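Accompanying notes for the structure given below.
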Amino acid sequence: SHDQWSNNSCPQLTAGGAAGEDRVQVVCSPDESLLFCAIFDGFNGRDAADFLSVTLFTKFSQNLAKIESRLCSRSKGLDPEEVEGALRDALQYSEEAFVGMVERHIEEEPSRQDLAMVGSCVLAVVVQGRHLYAMSLGDSRAVLATTTTQKKKQKKKQKDSSSSSSSSLVLLKGEME
């Protein structure tokens with residue numbers, strides 16, 4: 001069950017940035033059916049990247065656990081749309097929780113106005129069997145490549161998705177061979 005995910009074998013790493021603002025996270029589910037990887041590109045401090053590196057994964061794994069508890073009566077596993085929904089919900093929750101935390105800190109300690117200027121781009125990838133989900137928020141991007149020829153329709157869909165504005169969520173999903 002995904003409520004028991006452990007990242008002991010894949011610890012969170014601190015990477016790059018003059019102030020250590022960036023975070024990298026890689027976590028495998030206990031049954032190795034899912035892989036969660038994320039890069040948090042913090043700016044103006046590490047507060048947002050730190051917060052997101054804990055909150056996004058935690059909420060995503062909680063969402064999957066809820067879905068799995070409803071699956072007991074179904075014989076098949078997670079549906080790709082359910083994984084996508086769990087990822088989207090986790091991002092929305094994380095963003096709202098961070099904004100709430102910043103507002104509370106500023107209200108309690110007016111000298112911490114600097115928190116209003118921090119943020120983080122997010123690039124997260126989830127691999128489930130042959131399904132790949134790539135989520136990008138901000139100016140971080142993922143480039144997917146393959147050695148096989150893809151249909152023109154698939155290429156156009158990926159190109160349209162990856163050229164979205166940096167202020168919107170881009171979520172690509174595909175099937176791997």
Side-chain angles (χ1 to χ4, degrees), residues 2-3 5-29 34-66 82-128 131-145 157-174:
H2 294 103
D3 58 346
W5 283 41
S6 169
N7 59 358
N8 292 338
S9 61
C10 302
Q12 178 174 304
L13 305 172
T14 301
E21 299 172 332
D22 303 337
R23 299 291 176 263
V24 177
Q25 188 174 39
V26 178
V27 188
C28 291
S29 63
L34 278 112
L35 175 68
F36 177 91
C37 303
I39 298 171
F40 303 92
D41 182 7
F43 52 88
N44 291 336
R46 63 184 197 202
D47 298 295
D50 284 344
F51 184 88
L52 290 171
S53 69
V54 172
T55 309
L56 181 66
F57 171 74
T58 300
K59 184 63 176 175
F60 175 67
S61 62
Q62 289 170 351
N63 290 346
L64 288 181
K66 287 178 188 175
E82 292 171 320
V83 176
E84 179 183 345
L87 198 52
R88 282 182 186 274
D89 178 70
L91 178 66
Q92 181 177 351
Y93 172 86
S94 299
E95 181 177 17
E96 291 170 1
F98 181 73
V99 169
M101 182 203 64
V102 168
E103 289 172 347
R104 283 188 305 280
H105 273 77
I106 291 173
E107 189 176 299
E108 294 169 4
E109 194 177 337
S111 65
R112 288 299 321 258
Q113 296 287 326
D114 61 311
L115 280 176
M117 303 302 290
V118 302
S120 181
C121 298
V122 178
L123 177 59
V125 175
V126 175
V127 179
Q128 174 205 17
H131 297 279
L132 174 93
Y133 307 84
M135 177 181 72
S136 171
L137 185 63
D139 63 2
S140 297
R141 295 287 184 253
V143 177
L144 305 176
K157 182 179 177 184
Q158 286 180 349
K159 184 178 178 185
D160 292 344
S161 295
S162 64
S163 64
S164 298
S165 119
S166 65
S167 63
S168 64
L169 169 67
V170 176
L171 182 63
L172 297 175
K173 59 183 178 178

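Here the structure is a predicted model, which is why all the values come from computation and not from measurement.
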Just verifying a value: how many Å separate [X] [atom1] and [Y] [atom2], rounded to the nearest 0.5 Å?
X	Y	atom1	atom2	answer
E95	F51	CD	CZ	11.0 Å
S120	R23	OG	CZ	9.5 Å
D114	H105	CG	NE2	10.5 Å
L137	D41	CG	CG	11.5 Å
Q62	Y93	CD	OH	7.0 Å
Q128	S29	CD	OG	9.5 Å

Hey, is CD on E107 packed in by over 12 heavy atoms from elsewhere, all under 6.0 Å?
-> no
Compare every heavy atom of [Y] with every heavy atom of [X], then report the nearest pair and how far apart it is.
X	Y	answer
C121	F43	N-CE2, 4.2 Å
N63	A86	ND2-O, 3.0 Å
F40	A49	CB-CB, 3.9 Å

Output yes when D89 and K66 qualify as a salt bridge under the 4.0 Å nitrogen-oxygen rule, no when they do not.
->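 A salt bridge is absent here (no side-chain N lies under 4.0 Å from a carboxylate O).
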State plainly whether the residues R88 and E84 are in salt-bridge range, i.e. N to O under 4.0 Å.
-> yes
Student check: side-chain heavy atoms of [X] and [Y] closer than 4.5 Å:
X	Y	value
L64	L34	yes
R112	D47	yes
L91	L56	yes
M135	L123	no
Y133	V83	yes

Main-chain N/O of [Y] paired with [X] side-chain donor or acceptor, under 3.5 Å:
X	Y	result
D22	G42	yes
N44	V118	no
Q25	S53	yes

